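Beneath this line is the structure, given in structure tokens, with notes to follow.
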Amino acid sequence: MSDAAIEATGLVREFKKGPRAVDGIDLRVEPGEVYGFLGPNGAGKSTTVHMLTTLLPPTAGSARVAGLDVVADGAGVRQAIGAALQEAALDPYLTGREHMRLQTALHGMRGEEARERSDQLLARVGLTQAADRRVGGYSGGMKRRLDLALALVHRPRILFLDEPTTGLDPQSRSALWDEVARLAGDRGVTVFLTTQYLEEADVLADRVGIIHKGRLVAEGTPESLKDEIGRPSVEAIPCTRDDLPRMREVLSRFGEFVTGSPKGASVRLSGGEAQLADVVRALDAEDIHVEHLQLHRPTLDDVFLSKTGRSLEGAAEEPQQPEEPVPA
């Protein structure tokens with residue numbers, strides 16, 4: 001039996017009268033890893049999560065979560081995981097504390113154990129002061145944090161977060177990032193995170209998978225993916241415009257020219273970041289005074305563009321397939 005936290009082989013989900021939302025995905029997530037699943041709306045991210053969390057049966061292929069088959073042992077999978085999906089199932093007329101009381105009861109906790117666990121999680125997500133307010137009056141960030149607390153009640157080994165920060169303000173997003181990082185770092189929870197935000201994947205994920213039109217088109221650490229698609233470039237702007245021709249001649253020794261500021265010169269470094277010091281020394285040797293010098297590294301958006309032919313941020317939304325209910 002595999003010791004992976006999450007493993008999928010040839011995973012397919014096909015909807016009636018529509019294309020394959022997920023088209024033969026293979027992936028493996030190790031225990032304690034934060035795996036970022038990156039792609040635009042309609043790429044198949046949520047459908048993949050719904051299969052891995054037993055909410056949708058696969059059309060073909062197989063998946064194991066916590067060592068258990070998602071079809072043959074759905075109940076066991078659900079006991080091992082926590083999930084905070086795009087649409088939080090919160091009752092606007094209940095308070096945050098009442099939601100926690102209900103969730104602890106569903107997991108068989110009673111009395112002091114339930115109260116202590118509720119208080120602990122409400123404090124962890126910063127909702128102690130708002131615990132006795134109705135959820136209908138919560139902000140979007142507060143609802144997301146409450147949903148995360150509910151997903152953690154039974155101390156799951158694996159946590160699925162489906163676009164947890166969509167629509168949140170920067171402060172709420174940062175707070176949720178901190179909590180996810182703490183869960184993975186301090187408590188060893190495996191986190192499967194779907195997101196459209198490049199910065200989110202870059203900050204949180206140990207490894208990233210890029211999904212496009214239902215297929216996994218790239219996978220690796222953020223750094224390895226960025227290194228794979230290109231070397232960094234350096235841009236220099238002289239203090240005096242008259243020095244620009246000489247600056248261009250110096251920079252030409254270190255790589256090919258790329259598009260940059262018209263006030264300066266930019267080259268893609270043939271030897272990578274290690275050449276930056278050599279560039280500075282060469283400019284100094286020619287007595288060229290520099291107003292601005294910046295190293296530009298490839299980004300995950302560059303990776304996405306390279307792998308899919310489109311930029312992720314600001315991409316037009318693709319229509320999503322309606323999901324079918326799981327048969328009883």
Side-chain angles (χ1 to χ4, degrees), residues 1-87 151 156-164 189-196 201 205-221 225 303-304 307-308 312 318-328:
M1 183 176 294
S2 171
D3 58 357
I6 302 168
E7 189 169 30
T9 304
L11 196 63
V12 172
R13 178 65 201 191
E14 194 167 7
F15 293 98
K16 293 178 181 178
K17 300 179 182 178
R20 290 187 173 194
V22 177
D23 192 10
I25 284 179
D26 297 326
L27 61 82
R28 179 186 173 98
V29 181
E30 301 298 336
E33 185 174 32
V34 178
Y35 186 89
F37 207 42
L38 188 64
N41 282 345
K45 302 188 304 298
S46 293
T47 302
T48 301
V49 168
H50 288 172
M51 287 189 285
L52 295 176
T53 56
T54 77
L55 296 177
L56 273 177
T59 304
S62 63
R64 302 185 73 86
V65 175
L68 305 170
D69 188 280
V70 296
V71 175
D73 198 353
V77 170
R78 290 189 289 274
Q79 184 61 36
I81 68 172
L85 305 182
Q86 285 189 45
E87 298 298 328
R157 291 178 282 157
I158 301 168
L159 181 64
F160 288 88
L161 300 177
D162 192 12
E163 301 195 20
V189 176
T190 303
V191 179
F192 191 94
L193 169 75
T194 79
T195 182
Q196 298 181 61
D206 299 308
R207 285 191 305 128
V208 169
I210 294 177
I211 185 172
H212 181 57
K213 295 183 178 178
R215 296 187 177 186
L216 200 63
V217 296
E219 190 178 45
T221 67
L225 289 175
V303 175
F304 196 86
K307 298 296 183 180
T308 69
L312 178 59
E318 300 174 13
Q320 292 183 310
Q321 295 298 318
E323 297 199 341
E324 302 161 357
V326 180

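None of the values given here were measured: they were computed from a predicted structure.
In terms of heavy-atom proximity, Ala21 sits nearest to Phe15 at CB-CE1, 3.5 Å. Annotation for Ala84 and Ala151: closest pair N-CB, 4.4 Å, computed over non-hydrogen atoms. Ala205 approaches Gly36 most closely through the heavy-atom pair CB-N, 3.7 Å. When all heavy atoms of Gly82 and Pro156 are compared, the closest pair comes out as N-CB, 3.3 Å. Closest approach of Gly67 to Arg64, counting heavy atoms only: O-NH2, 2.6 Å.
Here OG1 of Thr47 is found 8.0 Å from CD1 of Ile211. Values are rounded to the nearest 0.5 Å. Taking CG of Leu55 as the start and CG of Leu85 as the end, the distance is 6.0 Å to the nearest 0.5 Å. Rounding to the nearest 0.5 Å places CG of Leu68 at 10.5 Å from CD of Gln79. Between the OG1 atom of Thr194 and the CG atom of Asp162 there is a distance of 3.5 Å, given to the nearest 0.5 Å. Once rounded to the nearest 0.5 Å, the distance linking OG1 of Thr53 with CG of Leu159 reads 11.5 Å.
Under the side chain to side chain contact (heavy atoms under 4.5 Å, CB included) criterion, Ala218 pairs with Ile210, Leu225, Lys307, not counting sequence neighbours. Contacts of Val71 classified as side chain to side chain contact (heavy atoms under 4.5 Å, CB included), with partners at least two apart in sequence or in another chain: Pro58, Asp69. The salt bridge (charged side-chain N to carboxylate O under 4.0 Å, His left out) check on Arg207 picks up Glu33, Glu219, with sequence neighbours excluded. Partners of Thr221 according to the side chain to side chain donor-acceptor pair (under 3.5 Å) rule, which considers only residues two or more places apart in sequence or in another chain, are Ser224. Considering only residues two or more places apart in sequence or on other chains, Asp23 meets the salt bridge (charged side-chain N to carboxylate O under 4.0 Å, His left out) condition with Arg20, Arg215. With sequence neighbours excluded, the residues that form a ring pair (Phe, Tyr, Trp, His ring centres under 6.0 Å) with Tyr35 are Phe192. The side chain to side chain donor-acceptor pair (under 3.5 Å) search around Thr190 returns none, not counting sequence neighbours. Glu30 meets the side chain to side chain donor-acceptor pair (under 3.5 Å) test with Arg28; sequence neighbours excluded. Take Ala8 and apply the side chain to side chain contact (heavy atoms under 4.5 Å, CB included) test, not counting sequence neighbours, and it matches Leu11, Leu27, Ala63.
Residue pairs meeting the salt bridge (charged side-chain N to carboxylate O under 4.0 Å, His left out) criterion with at least one member in residues 39-58, sequence neighbours excluded, are Lys45-Glu163. Legend: salt bridge (charged side-chain N to carboxylate O under 4.0 Å, His left out) pairs involving residues 74-84, not counting sequence neighbours: none detected. Among pairs with a residue in residues 57-79, none fulfils ring pair (Phe, Tyr, Trp, His ring centres under 6.0 Å), at least two apart in sequence or across chains.
With Phe37 as the fixed residue, the side-chain contact (heavy atoms from CB on, under 4.5 Å) test singles out one of Leu52, Ile25, Leu161: Ile25.
Side-chain contact check for Asp26 versus Thr9: some heavy-atom pair is nearer than 4.5 Å. You'll find the side chain of Gln196 reaches within 4.5 Å of the side chain of Asn41, heavy atoms only.
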